[in-house]
Structures are given as C-alpha cells and as structure tokens.
2 protein chains.
Amino acid sequence: MDKPLKKPSRIQIRNRKVILEAALEVFSRYGFRGATLDQIAEQAAMSKPNILYYFEGKEAIHDALLTRLLETWLDPLREMDAQGDPKSEILGYVRRKLDMSRDFPRESRLFANEILQGAPRMMPVLEGELKALVDEKVAVIRGWIAAGKMAEMDPYHLIFSIWALTQHYADFDSQIRAVLGHDGAIAEAEPFMEALFTRLLAR
Amino acid sequence: MDKPLKKPSRIQIRNRKVILEAALEVFSRYGFRGATLDQIAEQAAMSKPNILYYFEGKEAIHDALLTRLLETWLDPLREMDAQGDPKSEILGYVRRKLDMSRDFPRESRLFANEILQGAPRMMPVLEGELKALVDEKVAVIRGWIAAGKMAEMDPYHLIFSIWALTQHYADFDSQIRAVLGHDGAIAEAEPFMEALFTRLLAR
DNA sequence: TAAGTTTTTTACCATTTGGTAAAACCAACG
DNA sequence: CGTTGGTTTTACCAAATGGTAAAAAACTTA
C-alpha cells in the first residue's frame with residue numbers, strides 16, 4: 001500500500017526535508033485548516049503535484065510534522081532527574097523549554113495551533129504518552145515536597161505554569177515584539193524566570 | 001455606501017447577535033483562514049446568503065468580533081490602580097484575567113489565533129493602544145519598586161507572565177484536561193497563582 | 001387589507017482547493 | 001547508445017468556498 005518500500009534516494013531525502021520545512025512555515029502560521037497545499041508548494045519552490053509525489057496528501061505532511069515534533073517536544077521534561085536537586089532540576093527544565101521557544105518557535109506554534117483547535121490529531125498522545133510522563137514527574141515533585149526539599153504546591157500547576165511561561169514567548173512573539181518595540185525578549189526573560197522560580201520553590 | 005444607515009430593527013439586533021455568537025465559536029477554533037462561512041451558517045442555523053445580508057462578508061464578521069473583544073480585553077489591566085497596594089493590585093489583575101479565561105475562553109482563543117498568525121489585523125492596536133497601556137502600567141510598577149513596596153523585577157516580563165499564566169488555561173484547555181483527566185483546572189489554579197505572585201512580589 | 005418594506009430562500013457563479021492521470025523529462029547503467 | 005527507473009510537469013477534475021441576483025415570503029403600517 002505504501003509508496004516507497006525501498007530505501008529512499010538522496011533526492012527523496014532532500015525533497016522531503018524541503019517540503020517539511022516549507023510546511024512547518026505554513027502550518028505553524030495558519031493551522032491545518034487554514035494552510036493550503038498551494039502555499040506550501042510556493043514556499044518549497046515546487047509544483048503541487050510534485051509535493052503530492054512525496055507525500056500522500058495534506059494530512060500526511062501535517063502528521064509527519066507532528067510526529068517529528070513529538071520526538072523532541074517532551075525531552076526537556078524527560079530529563080528532569082528525581083535524584084537531582086529540586087531547584088536546579090526545575091530551573092534546568094525551565095531553561096531547556098525557553099531554549100526551545102527561542103530555537104524552534106515554529107514548532108511551538110504548530111503545537112499551539114493543534115491544541116487551540118481541540119487537539120483533533122494529538123489527543124491520544126496527550127492522554128497517553130504526555131499524561132503518563134507528567135504523572136511520573138508529578139510523583140517526583142511530590143517526593144521532593146514530602147522530603148522538605150521545596151515549598152508545598154500543586155505539582156500539576158507548577159508544570160502548567162512552566163509550559164505557559166516558556167511557550168508564551170514563542171506563540172505570542174508578535175504581541176511581545178509589538179509591546180516591547182524590539183526583539184530578544186527571551187534573553188530578557190531568562191533572568192526573570194530564574195528569579196520567579198527561585199522564589200516560588202524556596203521553602 | 002453602508003447598508004443600514006437607520007437604526008437597526010429588533011430582528012437585525014437579534015440575528016447579528018446570533019451570527020456573532022456562531023462566528024465566535026467557529027473562528028476561535030479554526031482561526032480566520034480555517035473557518036468557513038458554511039460552518040458559521042450551520043452553527044447559526046441560518047442560510048449563508050442570509051448571513052451575508054447582515055454582514056458585508058467573512059472579514060466583516062471577524063472584524064466585528066475582534067472589535068467587540070477589544071472593548072473588554074484590556075479592562076482588567078486598566079483597572080490596576082497606581083494608588084493601591086502593589087500586592088493586592090497585581091493579585092487583583094491576575095484574578096480578573098483568570099476570571100476572563102474561565103468565563104470567555106472562546107474570546108481568549110480568538111485572540112490567541114490572531115496573535116499566532118502574526119496579528120495581521122490587530123497589529124496596529126497592539127503597537128498603539130495596548131503598548132501605550134502597558135507602558136503606563138510599567139511606569140506604575142516601576143514607581144512601586146522605587147518606593148520599596150515590592151521586589152525588583154522587569155515590569156514588562158511581570159505583565160507578560162500574567163498574560164501567559166492566565167490565558168494558558170483557556171487556550172490550552174484541551175491539553176490541560178487531557179493531562180488532568182478532569183475539568184475545573186482554573187479553580188485549582190487560583191490558589192497556585194496567588195501563592196506564586198505573593199512569593200514573587202515580596203521583597 | 002393592500003402597499004410598501006424587510007427578511008429569507010433559491011438558484012447560481014467564479015475562484016480556490018486537494019488531488020489525479022499521464023505525458024515528458026532525466027539520470028543512471030548495461 | 002538506448003533502455004530502465006525514478007522525477008517533474010502539464011493538463012485536468014470534483015468539491016468546497018466566498019459571494020451575488022432575484023424571486024419569494026413575511027412583516028409593517030397606512
């Protein structure tokens with residue numbers, strides 16, 4: 001049923017990458033429904049039928065992007081180590097998420113668009129993989145709190161607050177730039193976040 | 001040039017409201033480009049030409065929603081009083097924003113969609129009205145800091161952090177529900193936010 | 001109730017959109 | 001050199017989409 005059962009050629013590898021890069025640009029701005037194959041084709045400097053030679057259809061491109069995103073999206077949280085010191089582990093998580101907002105803002109917006117629309121394609125992953133990972137780390141944080149190593153608080157909302165604060169700088173970038181009148185908000189945000197979480201975690 | 005120069009009839013008032021309500025539902029989910037007039041028509045239980053009898057076109061409906069949104073969107077920040085106590089003023093602002101996320105999640109998502117897409121229609125307002133209001137309140141906060149009434153910090157990022165934390169609960173609702181496995185996250189979030197900002201502001 | 005006005009429906013239309021068929025092209029390799 | 005397999009283009013298509021014209025229906029008011 002699938003098109004390429006053999007190993008992909010050099011041209012295939014290159015063109016798939018070009019298409020995914022173009023599609024990321026378009027999907028991250030307009031969401032799945034708002035994006036068009038013609039836009040992606042233009043961005044990729046390729047004809048529309050040629051794009052459909054490499055991917056089964058619009059949905060397949062979007063799925064490929066989401067799948068690729070998931071491979072790295074959860075890494076920063078996975079790295080949080082139960083054996084480590086709460087403050088440095090959580091600040092490390094914040095820094096890694098902030099780095100991702102700086103280095104991969106389009107991926108962040110792609111994710112935001114999917115969630116805004118009710119996560120029609122990612123809901124199973126959210127309820128499965130993501131929930132499992134969060135539950136695991138919540139247990140870790142509960143352990144730290146029970147051991148008196150950090151202040152008492154709801155670990156779920158601690159994690160939500162980290163997501164909110166860090167992703168905001170990628171997703172609402174245009175608003176932030178409009179208000180500040182300049183770029184580089186994330187660099188300014190880092191010391192602010194460090195102070196915020198330092199004060200929050202202290203017992 | 002405009003259609004109704006006279007005062008609108010009762011039917012006009014009712015149907016415009018029905019259309020805007022339906023359009024809010026659709027635009028807040030799919031964004032401007034991803035939403036269709038047919039979806040709005042179905043949601044409004046009205047024929048498409050009938051909708052176009054009340055509004056000039058798709059864009060006019062969207063504009064009407066954004067305009068209506070702006071009337072109340074900035075109110076919570078406007079209410080922040082320079083004469084008041086920093087802690088209660090800022091906590092009050094957080095609570096009002098959180099209330100808006102609970103009571104008007106669709107409006108929050110409509111706004112989020114617009115910003116995600118680079119604010120093509122709202123950029124002038126962001127650079128004008130919003131920036132002016134934020135600059136004013138930043139000056140107020142700087143005054144509080146200078147008077148030793150709260151901890152030192154970057155007031156811009158304090159405001160950004162309030163936007164991020166409060167709006168996250170409306171915009172990323174489906175993710176939060178997937179992870180928690182239940183509703184009512186905002187009710188849980190309120191004490192968390194209070195603790196967070198109490199600790200952040202204390203000198 | 002009849003005339004005038006507003007509202008709604010029916011029947012369209014041009015463009016856009018996701019997608020396909022098949023011809024043309026091209027890069028090896030025997 | 002010519003054949004073979006992968007790649008790209010050209011020419012389409014059906015459905016969806018934003019929008020319009022005009023008739024029909026419903027409501028108002030003299």
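Below, read A as the first sequence line, B as the second, and so on, with proteins coming before strands; counting in each chain starts at 1. As the structure is a prediction and not an experimental result, all values here were calculated from the model.
- Note on A/A41: nothing from the nucleic acid sits closer than 4.0 angstrom, heavy atoms only.
- Contact between the side-chain N/O atoms of A/Y53 and the OP1/OP2 oxygens of D/dT7 is found at a separation under 4.0 Å.
- With A/Y30 as the aromatic partner, B/R33 meets the cation-pi criteria of under 6.0 angstrom to the ring centre and within 45 degrees of the ring axis.
- For the pair B/Q12 CD and D/dC27 P, the interatomic distance rounds to 15 Å; values are reported in whole Å.
- For the pair B/K87 and B/F197, the NZ or CZ position fails the cation-pi test of under 6.0 Å to the six-membered ring centre and within 45 degrees of the ring normal.
- Note on A/A35: only backbone sugar-phosphate atoms sit closer than 4.0 angstrom, heavy atoms only; bases stay farther off.
- As rounded to whole Å, 4 Å separates atom P of C/dG18 from atom NZ of A/K58.
- One atom, CG of A/N50, and another, P of C/dA23, lie 18 Å apart when rounded to the nearest Å.
- Between the P atom of D/dA15 and the CG atom of B/L37 lies a distance of 21 Å, rounded to the nearest Å.
- At the heavy-atom level, B/T36 lies under 4.0 Å from the strands shown only through sugar-phosphate atoms.
- Between the CG atom of A/N15 and the P atom of D/dT8 there is a distance of 5 Å, given to the nearest Å.
- Aromatic pair B/F172/A/W163: ring centres not closer than 6.0 Å.
- The separation between B/F32 atom CZ and D/dG18 atom P is 8 Å, rounded to whole Å.
- A straight line from CD of B/E56 to C1' of D/dT20 spans 13 Å, rounded to a whole angstrom.
- In the set D/dT9, D/dT20, C/dG19, the nucleotide with an atom closest to the side chain of A/S47 is D/dT9.
- Relative to the ring axis of A/Y169, A/R102 does not place its NZ or CZ within 45° and under 6.0 Å from the centre.
- Residues B/R33 and B/R14 both approach DNA chain C. Their nearest nucleotides, taken by heavy-atom distance, put B/R14 toward the 5′ side.
- Mapped onto DNA chain D by nearest heavy atom, B/G57 and A/R10 fall at different nucleotides, with A/R10 at the one closer to the 5' end.
- Whole-Å rounding puts the A/Y54 OH to D/dT9 P distance at 10 Å.
- For B/F55 and B/H62, the ring centers sit 6.0 Å or farther from each other.
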